[in-house]
S.K.: 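Got a structure here, written out as structure tokens. Questions coming.
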Amino acid sequence: MADKGFQIDSRLRSLTAELRGLERDLKTGALSDISALQDFRHAIDEIRMTAWTAGELHNAHSERKELLASFLAAERIRRFAQMLRDLSADLEEQKVSWESGGVQTLFDSVNLLQSRLERLIRDHRATFRNLKNLKEDPR
């Protein structure tokens, strides 16, 4: 396990140096593929969140882990909502087409998510109504 940790530490240091070099190169503005930059930005955002999560979980006391898990879920929801808004704008501007690939998979995944969200909201509303009814009629 310590060997694995050392390997990760070494990779982190190497990647940090490489990223700093890339930052210098990006500042020159010589970029020919904006989609590569967008993919990179998304990957960096994801690894940033994962790195933050790993650090927080490493430092969290057991009683904070549930609160942290809830926060992380909220952060994923926020990021996903932003990605959906960006994708919606791309669709509106016709930057995404069937040829972009993955459209059917995305559609199926969004339908599954919508179904689960509807169930979550329905359950929440039912619980809320039950609590409200108990307060109004405490027999």
Side-chain angles (χ1 to χ4, degrees):
M1 185 64 154
D3 188 43
K4 180 74 169 171
F6 178 77
Q7 289 173 352
I8 292 174
D9 295 346
S10 177
R11 287 182 64 202
L12 286 171
R13 284 184 177 78
S14 175
L15 283 170
T16 299
E18 188 172 341
L19 286 172
R20 288 193 173 126
L22 180 58
E23 179 185 17
R24 284 189 300 275
D25 293 345
L26 284 172
K27 287 179 179 178
T28 67
L31 186 67
S32 61
D33 185 359
I34 193 68
S35 69
L37 179 61
Q38 289 171 332
D39 289 343
F40 177 75
R41 288 178 56 199
H42 288 292
I44 287 294
D45 188 41
E46 291 168 7
I47 190 66
R48 180 195 60 79
M49 189 63 190
T50 301
W52 179 83
T53 301
E56 289 299 306
L57 286 173
H58 179 75
N59 296 324
H61 300 292
S62 59
E63 65 271 4
R64 288 190 53 220
K65 289 194 189 275
E66 187 175 318
L67 178 63
L68 182 58
S70 176
F71 172 78
L72 294 174
E75 180 61 13
R76 282 193 303 273
I77 290 169
R78 181 197 65 77
R79 289 177 54 229
F80 184 64
Q82 180 60 52
M83 289 172 57
L84 286 174
R85 286 189 294 274
D86 292 346
L87 183 57
S88 292
D90 289 347
L91 286 166
E92 184 68 27
E93 297 168 13
Q94 297 179 346
K95 293 180 182 176
V96 174
S97 68
W98 188 260
E99 289 76 25
S100 300
V103 174
Q104 184 66 53
T105 301
L106 175 63
F107 181 83
D108 296 341
S109 298
V110 169
N111 277 338
L112 177 62
L113 176 63
Q114 183 176 4
S115 151
R116 290 182 178 164
L117 285 172
E118 285 171 347
R119 185 175 53 213
L120 177 68
I121 290 168
R122 189 174 47 249
D123 292 349
H124 172 73
R125 287 180 178 160
T127 302
F128 181 74
R129 276 192 297 272
N130 290 341
L131 289 174
K132 186 177 175 186
N133 291 340
L134 283 174
K135 285 182 181 181
E136 292 172 357
D137 187 14
R139 288 187 229 171

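Each residue takes its place number in the sequence, starting with 1. Hydrogens, waters and symmetry mates are skipped; everything else that's a heavy atom, side chains included, is used.
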S.K.: Hey, what do you get for OG (Ser115) to CG (Leu120), rounding to the nearest 0.5 Å?
M.R.: 11.0 Å
S.K.: Any chain of hydrophobic side-chain contacts (each under 4.5 Å) joining Met49 to Phe80?
M.R.: no
S.K.: Can you tell me how far NZ of Lys95 sits from OG of Ser35, rounded to the nearest 0.5 angstrom?
M.R.: 11.5 Å
S.K.: Between Gln104 and Trp98, is the side-chain contact (heavy atoms from CB on, under 4.5 Å) condition met? List the steps.
M.R.: CA-CA 8 Å; Gln104 184 66 53; Trp98 188 260; 3.7 Å; yes
S.K.: Let me see the working for Arg20 and Glu23 under salt bridge (Lys or Arg N to Asp or Glu O under 4.0 Å), right down to the final yes or no.
M.R.: CA-CA 5 Å; Arg20 288 193 173 126; Glu23 179 185 17; 5.9 Å; no
S.K.: Is the shortest side-chain N to carboxylate O distance from Glu118 to Arg122 below 4.0 Å?
M.R.: no
S.K.: Side-chain heavy atoms nearer than 4.5 Å, only ILVMFWY residues, links allowed to pass through others: does that put Leu91 and Ile34 together?
M.R.: no
S.K.: Can you measure from CE (Met83) to CG (Asp86) and round to the nearest 0.5 angstrom?
M.R.: 8.0 Å
S.K.: Could you measure the distance from the OG1 atom of Thr16 to the CZ atom of Arg11? Nearest 0.5 Å is fine.
M.R.: 11.5 Å
S.K.: Could you give the distance from CG (Leu113) to CZ (Arg116), rounded to the nearest 0.5 Å?
M.R.: 8.5 Å
S.K.: CG/Leu37 to CG/Leu26 distance, rounded to the nearest 0.5 angstrom?
M.R.: 6.5 Å
S.K.: Side chain to side chain contact (heavy atoms under 4.5 Å, CB included) with Arg13: which residues, sequence neighbours excluded?
M.R.: Asp9
S.K.: Side chains of Leu19 and Ile44: closer than 4.5 Å at any heavy-atom pair?
M.R.: yes
S.K.: Taking only residues two or more places apart in sequence or in another chain, which ones pass side chain to side chain contact (heavy atoms under 4.5 Å, CB included) with Leu106?
M.R.: Leu87, Val110
S.K.: Inspect the surroundings of CD in Glu92 and state if more than 12 heavy atoms from other residues, nucleotides or ligands are less than 6.0 Å away.
M.R.: no
S.K.: Can you list everything that forms a side chain to side chain contact (heavy atoms under 4.5 Å, CB included) with Glu46? Sequence neighbours excluded, please.
M.R.: Arg79
S.K.: Does one side chain, of Gln82 or Arg85, offer a donor that lies under 3.5 Å from an acceptor on the other?
M.R.: yes
